[in-house]
Every structure is written in structure tokens, then in C-alpha cells.
Amino acid sequence: MSKARQLADLGNQVDDGAITGSNMVINGGMTVAQRGVTSTSSGYQTVDRFYTQEGTSGAVTWSQSSDAPDGFVNSLGIEVTTADSSLATNEYIRIFQNIEGNVSSSLAWGGSGAKPAMLSFWVKSSITGTFGVALQDNVGTTSYLQSYTINSADTWEYKTVYVSPATSGTWPTDNTQSIRLNFSFAMGSQYAQPASSTWYTSGDYRGPDGVTNIMATVGNTFKITGVCLNVGDSAIAFPHESYGDTLAKCQRYYYKHAGISKYGRLGHGQANTSTACQIRLEVPVTLRGTPSVAYGSLQLSDTTAGFPASNVLISSATTTLDAINVTVTSTGLTTYRHYFLEGDNNLSHYISFDAEL
């Protein structure tokens, strides 16, 4: 059987839920979207672990879609809402995932013992043409660029890309970023070079040249799922796992804690002063690093009175969040009294912890 036929057959395999191999991409099946299912902004906005970046004069909507090939439930979708048919040299649109060094260390990139990798994924586009992938190192100056072709419009197609061993570059093996895996859908000349089976060792190259401009026409769409990066020179069947396992992996980088009622309780603790309280709020997994905090519509309450939160801080550099410090807008707390951290009569209250790369 030919290599091409083997890869095509592999793309059509659907296992019974068991993990069948090691995938360095987290949430490659696009099933977890803690922040929301749709967004018009760049950043970590929809599907977990995938950063969306639209840097053109147009506009798009990003979404977690229920359109997916057999064996998958979701995809990450792009729809053009404002066109940009003539890209400037510094314009582009892409998604990427930053892969932690602890996850990719088995590749041994950066030295003589470096191993090859295989990237595989499913794509569906409303337009045919050439699109691109790029792998970059920690500092963005070592790049591997490859292109692939969409042969049929509005049809799910399975793609594989061989990645040669990287014997140079900066590839940490700790909890910091090692690999940036890029998918490009339009790429200005400033960030592009010809696709090559070897690595570029200088320049911030985010995709190969010749990428079809998805932004050319309003209504153009592109969807991707089943993203897998594995060690070796052969692609593996996508390692399906339970939603709970994927969620736990995503929560290492981002965790959002929300109540289920207007006064839903998120944690509890003891007041230190008349304006501050130390709250115990457990996270389900150890975070990758000390996180940043965001919150909305929270208050401290002793069941008789509520005190709107004015600030939330991590009490110390920690990845387990043994405690957070919550201050309120005015004095009124009783030192040493027990208080709950809860919603301020608002169903949209939340607190989130961001340790993304």
C-alpha cells in the first residue's frame, strides 16, 4: 500500500474513545470553549488553547462550530464579515497554539538528536486554493513552513505535513512556550517565505508565501479540527479522549469559575481587615504558572449584608491558588468574620485565572 493511501486511511479512522497515541496539541478536536462559542476579536476568545489573530483591514467572526467530519463533534470556524482583497505586506490572519516545553520535550529539538514530527488535521473551506502551516521556536526566529491544498470547496479533507527535525533554535523543555504552531489563511510578504523541507534560522516567518487570501470575499469560510502533532515520520490516528480529560488539560492554562445562580457562591474565607478578605478558592488542576485574574459582578457576603468587590489579587506566587485576596469598595467587613465570595445579584458573575503561554 502506498504511503499516501496509508495516510488517507489513517485520516478516516475513528477509535472507540481510547487514547491511541501522543498528541502535543491540546483540544485539537475543538470541543472545549470555556470563554464562549463566538467572537469577533483576536486573542484567546473561543476554542480553548487556540489564539485567533486577524491582522488585516477586514473583519471576521470566529466560532466553535458543530460542523465536523465523521468521528468529531466540533471545529474552529472563521467567517469573513468585511473583506480585504488586497493585503498589505504586514497583514495576515492566522490561528496558533503555543505548545509547552513539558509537552514537546520528546522531540529533542535544538540538538543533534532531534526527531521528526507529523502534523495532521481536517479542514473545510468555502474556497479552494493553497493554505499554510508554520512551526516557530520560542523566540520566533526559527521557522518551518509548509503549504497544503484545498481541492474541493465545502468538503472535509484530511491533511498531513511532515516536519523535519529542528537541530537549531530555542526550544525550552520546561513550563514555558516551546513551539508555536501556526495555521495561516492570508499572509503578507513581510511574514512569508517559500515552503521548504528545511528550517529558516532567521526572520519572523508565520506562513509560506502563496497562501490564498480567505479575506478576499465576504462570506468566505474556513473550518479546522482534528489537529494532531506527534513525534515520528508517520501520522497517528487522532487520539480521541473524554471531554473531561480535554477540559482538565485546558484548565491548566485557563480556568473560569462561575456560579449557577445570581448569588452563587464561588469560595469562602475570613476577613483580614475592614476592607479585605482572604478567600479559599480551589482550582481543579495545577495551573501552568502564576495566573492573571479577571472577575465580574462579585461581592463578599456574611448572609446578612453584601459588599461589592473592588479588586482581586493572588495572595502569593502560586499555581494552586491556596488563597486569593478580595478587597471591597468601602469599609464594613468585620475582622476575622467568615465571608462568602458570591455573585452580586447577577447571573454573569465569574472569576477566571489565566496562565496561557
Side-chain angles (χ1 to χ4, degrees), residues 3 7 10 19-29 44 48-51 53 92 94-121 131-148 159-184 187 191-209 211 224 226-239 241 246 249-250 252-253 288-289 355-357:
K3 184 72 170 180
L7 292 175
L10 185 60
I19 296 177
T20 58
S22 180
N23 184 7
M24 287 175 269
V25 175
I26 295 173
N27 199 30
Y44 289 109
D48 274 56
R49 300 275 28 252
F50 284 90
Y51 192 101
Q53 193 168 38
Y92 60 90
R94 64 174 175 168
I95 62 171
F96 63 80
Q97 181 166 138
N98 290 327
I99 300 175
E100 185 178 339
N102 287 322
V103 176
S104 60
S105 58
S106 58
L107 285 168
W109 282 359
S112 59
K115 301 173 185 177
M118 283 294 294
L119 174 66
S120 54
F121 50 94
F131 295 90
V133 298
L135 288 84
Q136 295 177 287
D137 72 350
N138 175 270
V139 293
T141 56
T142 300
S143 306
Y144 187 88
L145 313 177
Q146 284 294 335
S147 58
Y148 63 92
K159 306 297 177 182
T160 60
V161 173
Y162 173 80
V163 183
S164 65
T167 55
S168 62
T170 304
W171 311 97
T173 56
D174 55 13
N175 69 333
T176 61
Q177 175 197 331
S178 182
I179 301 171
R180 173 166 290 179
L181 172 60
N182 299 270
F183 292 88
S184 54
M187 189 62 56
Y191 299 111
Q193 288 289 328
S196 175
S197 59
T198 59
W199 289 80
Y200 289 94
T201 56
S202 64
D204 179 11
Y205 302 133
R206 305 173 185 183
D209 58 14
V211 171
I224 185 169
V227 181
C228 182
L229 181 68
N230 63 271
V231 179
D233 57 7
S234 297
I236 62 173
F238 184 82
E241 60 190 10
T246 302
K249 290 179 181 180
C250 293
R252 173 171 169 78
Y253 303 89
R288 181 197 61 83
E356 291 282 4
L357 289 162

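Quick caveat, the model's predicted, so the values are computed rather than measured. What you see below is based on every heavy atom in this structure, not just the backbone, and it leaves out hydrogens, waters and symmetry mates.
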Inset, instruction - Kindly compute the distance separating CZ (Phe183) from CZ (Phe96), expressed to the nearest 0.5 Å. - result: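 It is 12.5 Å, given to the nearest 0.5 Å.
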Inset, instruction - To the nearest 0.5 angstrom, please state how far the OG atom of Ser178 sits from the CG atom of Leu107. - result: 8.0 Å
Without swapping roles, check the side chain of [X] against the backbone of [Y] for a donor-acceptor pair under 3.5 Å.
X: Gln97; Y: Ile26; value: yes
X: Gln146; Y: Ser196; value: yes
X: Asn23; Y: Val227; value: yes
X: Ser147; Y: Gly132; value: no
X: Trp109; Y: Lys115; value: yes

Non-hydrogen side-chain atoms of [X] and [Y] separated by less than 4.5 Å:
X: Asn98; Y: Glu100; value: no
X: Leu357; Y: Arg180; value: no
X: Ser184; Y: Val211; value: yes
X: Cys228; Y: Val25; value: no
X: Ile179; Y: Ser104; value: yes
X: Trp199; Y: Val163; value: yes
X: Tyr162; Y: Leu119; value: no
X: Ile95; Y: Gln53; value: no

Legend entry - Polar contact flag, side-chain donor to acceptor under 3.5 angstrom, Arg94-Asn182: yes
Legend entry - Lys/Arg cation over aromatic Tyr253: Arg49, 6.0 Å, 45° cone: yes
Inset, instruction - Could you please spell out the steps behind the side-chain contact (heavy atoms from CB on, under 4.5 Å) verdict for Gln136 and Leu181? - result: CA-CA 7 Å; Gln136 295 177 287; Leu181 172 60; over 6 Å; no
Taking all non-hydrogen atoms of both residues, which atom of [X] and which atom of [Y] are closest, and how far apart?
X: Thr160; Y: Ala235; value: CG2-CB, 4.2 Å
X: Thr142; Y: Ser168; value: CG2-O, 4.0 Å
X: Ala108; Y: Gly113; value: CB-O, 3.8 Å
X: Arg288; Y: Ala355; value: NE-O, 2.7 Å
X: Leu145; Y: Gly207; value: CD1-O, 3.7 Å
X: Asp209; Y: Ala195; value: OD1-N, 4.5 Å

Inset, instruction - Check the pair Asn230, Ser22 against side-chain contact (heavy atoms from CB on, under 4.5 Å), reporting the backbone distance first and the verdict last. - result: CA-CA 6 Å; Asn230 63 271; Ser22 180; 5.9 Å; no
Inset, instruction - Verify side-chain contact (heavy atoms from CB on, under 4.5 Å) between Asp137 and Trp171, making sure each step is shown before the conclusion. - result: CA-CA 6 Å; Asp137 72 350; Trp171 311 97; 3.4 Å; yes
Legend entry - Residues Lys249 and Glu241 bridged, charged N to O under 4.0 Å: yes
Inset, instruction - Go through the steps to decide whether Ile99 and Leu229 satisfy the test side-chain contact (heavy atoms from CB on, under 4.5 Å), and finish with yes or no. - result: CA-CA 10 Å; Ile99 300 175; Leu229 181 68; 3.9 Å; yes
Inset, instruction - Compute the centroid of each ring, for Phe121 and then for Phe238, and state whether the two points are separated by less than 6.0 Å. - result: no
Legend entry - Residues Thr170, Asn138; criterion side chain to side chain donor-acceptor pair (under 3.5 Å); working and verdict: CA-CA 6 Å; Thr170 304; Asn138 175 270; 5.9 Å; no
